[in-house]
Amino acid sequence: MPDSSLIKRRLVILISGRGSNMQALVQACRDQGWPAEVVAVIASRPDAAGLDWARAQGIAASALHHKEYASREAFDAALAEEIDRHAPDYVILAGFMRVLTPGFVNHFAGRLVNIHPSLLPAFPGLHTHAQALATGVRVHGCTVHFVTPVLDHGPIIAQGCVPVLAGDTPDSLANRVLEVEHRAFPAAVRWLAEGRVTLTPDHRVDVQGDPERLFTWSPAA
Ligand code: GAR
């Protein structure tokens with residue numbers, strides 16, 4: 001019998017650009033000794049800056065350029081094949097800026113997790129920080145959730161919240177949200193790695209041990 005405490009969950013991380021969330025996940029996984037390993041980082045474009053960082057960490061890093069595929073379905077089929085080569089337990093969307101087809105989402109159902117830069121269900125889609133400012137909300141943030149075929153929707157694992165401050169621009173607000181993303185996302189993925197996350201029959205998330213699932217931004221001391 002293998003010792004289950006030695007089994008590491010295999011994580012594949014998908015990115016499209018800078019990859020700061022991917023870096024936060026890789027570092028937390030290593031520094032905190034999660035029962036998990038980031039086995040691959042895959043980008044939707046070859047110039048994604050995060051790829052070099054991943055390679056420098058010794059992580060298998062590859063890219064599929066979405067522009068080289070005739071259709072969304074063709075790209076998603078190739079992407080699913082590339083992901084499956086790494087036999088992941090979880091596929092983590094860390095700033096992956098592609099709308100995924102239902103076929104792809106269903107293939108990875110229950111194993112596909114995203115971070116979105118708003119307090120869902122508010123502000124799905126793009127330009128979430130500008131949407132928040134235009135709407136006048138006083139609280140904004142991020143959401144870590146299981147992915148369903150409906151865009152930016154699905155059972156919520158964790159959220160992070162930040163105040164909207166006087167004089168905020170989309171960039172200043174984005175930077176504040178990113179700080180709380182880098183706390184909420186590693187925490188949520190760690191719970192997954194530890195096997196503590198379950199989906200309830202009514203499509204909500206339970207986390208064993210009932211940890212605080214809201215991460216609140218505070219100004220640096
Ligand atoms: C993050 O803010 C993430 O929440 C967002 O893109 C940024 C990626 O930054 N994701 C989405 O908008 C997905 N719809 P990063 O590359 O530095 O992690």
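This one's a predicted model, so the numbers in the text were calculated from it and none came from an experiment. First listed ligand is number 1; within each ligand, the first listed atom is number 1.
Asp168 and His140 form no side-chain donor-acceptor contact under 3.5 Å, judged by distance and modelled atom types alone. Judged by distance alone, the side chains of His145 and His116 never bring a donor and an acceptor atom under 3.5 Å apart.
Summarising the geometry of Ala48 relative to Ile15, their closest heavy-atom pair is CB-CD1, 4.2 Å, with the distance given to 0.1 Å.
With salt bridges taken as basic N to acidic carboxylate O contacts below 4.0 Å, one links Arg85 and Glu82.
Here the CD-CD distance, from Glu194 to Gln208, works out to 9.0 Å after rounding to the nearest 0.5 Å.
A 4.5 Å side-chain heavy-atom check between Leu192 and Trp34 finds every atom pair outside the cut-off.
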Check ligand 1 for N or O atoms under 3.5 Å from a protein N or O and list each pair with its distance.
from     : atom 1 : to     : atom 2 : distance (Å)
ligand 1 : 2 (O)  : Glu181 : OE1    : 3.2
ligand 1 : 2 (O)  : Glu181 : OE2    : 2.9
ligand 1 : 4 (O)  : Glu181 : OE1    : 2.8
ligand 1 : 4 (O)  : Glu181 : OE2    : 3.3
ligand 1 : 9 (O)  : Arg18  : NH2    : 3.1
ligand 1 : 16 (O) : Gly19  : N      : 2.7
ligand 1 : 17 (O) : Arg18  : NE     : 2.5
ligand 1 : 17 (O) : Arg18  : NH2    : 3.2
ligand 1 : 17 (O) : Ser20  : N      : 2.9
ligand 1 : 17 (O) : Ser20  : OG     : 2.6
ligand 1 : 18 (O) : Ser20  : N      : 3.4
ligand 1 : 18 (O) : Asn21  : N      : 2.9
ligand 1 : 18 (O) : Asn21  : ND2    : 3.0

